[in-house]
Amino acid sequence: MCASAGYRAVRSFLRAYEGSEQTFNSYRTHVERLLLWALIVRHKSIFTLKRQDAEAYLQFCRNPPTNWIGSVTRGRFIANKDAETAVVYPVVPNPKWKPFSQKLSALNAQADAVQVYAASKGTMNQIFSVCSSFYEFLAEDNLVSLNPFRLVKNKRDFTGNLTAEAQNRALTPLQWDYVLETAESMASAEPLRHERTLFILATLFAMYLRISDLVGRSNWEPCMGDFRQDPEGNWWYHVIGKGNKPGKIAVRDEYVDRYLRRYRTFLGLPNLPAEKERTPLLTTLEGRAGLSGRQVRTLLQSVFDNALAKMKAEGREAYEMNSLRSASAHWLRHTSATFDAPFRKAKDLQLDLRHSNLSTTQDTYYHSHDQERMHSIKRLGMRERD
DNA sequence: AACCAAACAGAGGCCACACC
DNA sequence: GGTGTGGCCTCTGTTTGGTT
């Protein structure tokens, strides 16, 4: 077995995921890294790795040497500038690329503290599961006899984490008020730029959407006609969701009456979507159909930033504002589901969130919410009982 | 019920490109 | 030259569905 056999095995493993781009990308990252480590550090073929090697690899990933870590994420490949070879090799490896990278984000770059790379629990879990499924694949093809990762002892030493404190990923009611109000005033002040922003914010929130339920995916471009009215006059938003699962979400009246109408009026469309209307849900400012998830996140970030500035300007307390600093698009889904949970049956919320198991909904929104938990005890005295 | 691997998706920095 | 946009990449979070 030589290096090129390993390379071929990696390629055929990855081919199994070519249909799902993001999965493919992250799997490529991990198997390539494993391949590099095996050859460069361990001087072994990937076909001969044993349990101890797997453990050494996990240890390596948790704390890689600094020359394996880039300070920013670089493209794996760049365009080939050499005209002669470019015909055959349109892209070439990027010399600045590193197998690991560490973000020095403005937010948590504390003064001049040296940041030590330490992979999080989620990252270690992913490394473990990708490597493990890679070896399961090799075993199927009889290229190895066992999966060294499955044999790792004390998995928790590697994947379980020290500091994994589950963070609340929802806005507080107060923060949400500021965010919505900020988006509304941004829309009124600069309609051309921000009516769309308000629409995005309201839509994600009103229907607990994931960002991809709004921007679409390879086989689905959301359009106004995806809002459909049933025979009783109720509106439903039809999506192709995570894992390509079709679904529909009940739409609340206030969303239709205020935000959907408002945006359609701004666009110069009739108040309500017509049956099979093909108008794209989102367009670029130039009017081209479709907007990337990347851009949607950027727009929402500007709303969060402005809302935070507004809270500061109005003299809000630090504890009221702090969590807003780490808010992101996905928080909107959590926020509205959290707000609505007390008023909706778990089964209904489950369907609208498109969870396949009720327990996911129950666990996330009906139990461990700090606010509710705190609320239920806060006013309970210690002595008086009646 | 608690745990875990696997699949899949979101977050956000950087950069190139298009169009004013 | 400035702005809007989206591709790229790795890190990290979410959800599923099976096992114990």
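Naming convention: chains lettered A, B, ... in sequence-line order (proteins, then strands); numbering from 1 in each chain.
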Check: Counting only side-chain N and O atoms of A:T360, is one of them less than 4.0 Å from OP1 or OP2 of C:dT16?
Finding: yes
Next item on the list: Round to the nearest Å and state the distance from A:L214 atom CG to B:dA9 atom C1'.
Entry: 15 Å
Note to self: Can you classify the ring geometry of A:W37 versus A:F60 as parallel (below 30°), tilted (30 to 60°) or perpendicular (above 60°)?
What the structure shows: tilted
Notebook entry, point to check: In terms of the angle between their ring planes, are A:Y365 and A:H334 parallel, tilted or perpendicular, with boundaries placed at 30° and 60°?
Noted result: tilted
Item checked: Residue-phosphate contact under 4.0 Å: A:H334 side-chain N/O, C:dT14 OP1/OP2 -> yes
Notebook entry, point to check: Do the side-chain N or O atoms of A:S133 get closer than 4.0 angstrom to the phosphate oxygens (OP1, OP2) of B:dA7?
Noted result: yes
Next item on the list: Identify which nucleotide among B:dC8, C:dG6, C:dG4 has an atom closest to any side-chain atom of A:L285, counting heavy atoms from C-beta outward.
Entry: C:dG4
Note to self: Please tell me if A:R210 has a side-chain N or O lying less than 4.0 Å from either OP1 or OP2 of C:dT14.
What the structure shows: no
Notebook entry, point to check: So, is A:R33 close to the C:dT10 phosphate, meaning a side-chain N or O under 4.0 Å from OP1 or OP2?
Noted result: no
Note to self: At less than 4.0 Å, is any side-chain N or O atom of A:T29 found next to OP1 or OP2 of C:dT10? Yes or no.
What the structure shows: yes
Note to self: Counting the atoms with a prime plus P, OP1 and OP2 as sugar-phosphate, which does A:G241 contact under 4.0 Å by heavy atoms, base, sugar-phosphate, or nothing?
What the structure shows: nothing
Note to self: For A:P148, is there any backbone N or O sitting under 3.5 Å from a side-chain donor or acceptor partner on A:K50?
What the structure shows: no
Next item on the list: Please evaluate the base of C:dT5 for a donor-acceptor partner in the side chain of A:E286 within a cut-off of under 3.5 Å?
Entry: no
Next item on the list: Check whether any side-chain nitrogen or oxygen of A:R333 sits under 4.0 Å from OP1 or OP2 of C:dT15, and answer yes or no.
Entry: yes
Notebook entry, point to check: Between A:W97 and C:dT10, does any side-chain N or O lie under 4.0 Å from OP1 or OP2?
Noted result: yes
Next item on the list: Counting heavy atoms from C-beta on, name the nucleotide in C:dT14, C:dC11, B:dG12 closest to the side chain of A:Q301.
Entry: B:dG12
Margin query: Does this structure show an ion pair linking A:R278 with A:E221, if we count only N-O contacts that are shorter than 4.0 Å?
Written below: no
Check: Is NZ or CZ of A:K248 both nearer than 6.0 Å to the six-membered ring centre of A:W236 and within 45° of the ring axis?
Finding: yes
Next item on the list: Just compare B:dA6, B:dA11, C:dG13 and give me whichever is closest to any side-chain atom of A:R169.
Entry: C:dG13
Item checked: Of the listed nucleotides C:dG6, B:dA5, B:dA9, the one nearest the side chain of A:Q126 -> B:dA9
Next item on the list: Using atom CD of A:Q362 as one end and atom P of C:dT16 as the other, report the distance to the nearest whole Å.
Entry: 14 Å
Margin query: It should be established whether A:S328 places a side-chain nitrogen or oxygen under 4.0 Å from OP1 or OP2 of nucleotide B:dG10.
Written below: no
Next item on the list: Give the nucleotide from the list B:dG10, B:dA5, C:dG6 with an atom nearest to the side chain of A:R297.
Entry: B:dG10
Next item on the list: Identify which nucleotide among C:dT5, C:dT15, C:dC11 has an atom closest to any side-chain atom of A:H355, counting heavy atoms from C-beta outward.
Entry: C:dT15
Check: If only side-chain N and O atoms of A:S132 are considered, is one of them under 4.0 Å from the OP1 or OP2 phosphate oxygen of B:dA5?
Finding: no
Margin query: If you go through the side-chain atoms of A:R294, does one of them form a donor-acceptor pair with the base of B:dG13 closer than 3.5 Å?
Written below: yes
Checklist line | Among C:dT10, B:dA11, C:dG6, the nucleotide that comes nearest once only the side chain of A:A329 is considered | finding: B:dA11
Checklist line | B:dA5 phosphate, OP1 or OP2, under 4.0 Å from A:S129 side-chain N/O | finding: no
Margin query: Here's a test of your reading of the structure: between A:N357 and A:A289, which maps to the more 5' nucleotide of DNA chain C?
Written below: A:A289
Notebook entry, point to check: Taking all non-hydrogen atoms of both residues, which atom of A:F304 and which atom of A:L171 are closest, and how far apart?
Noted result: CE2-CD1, 4.3 Å
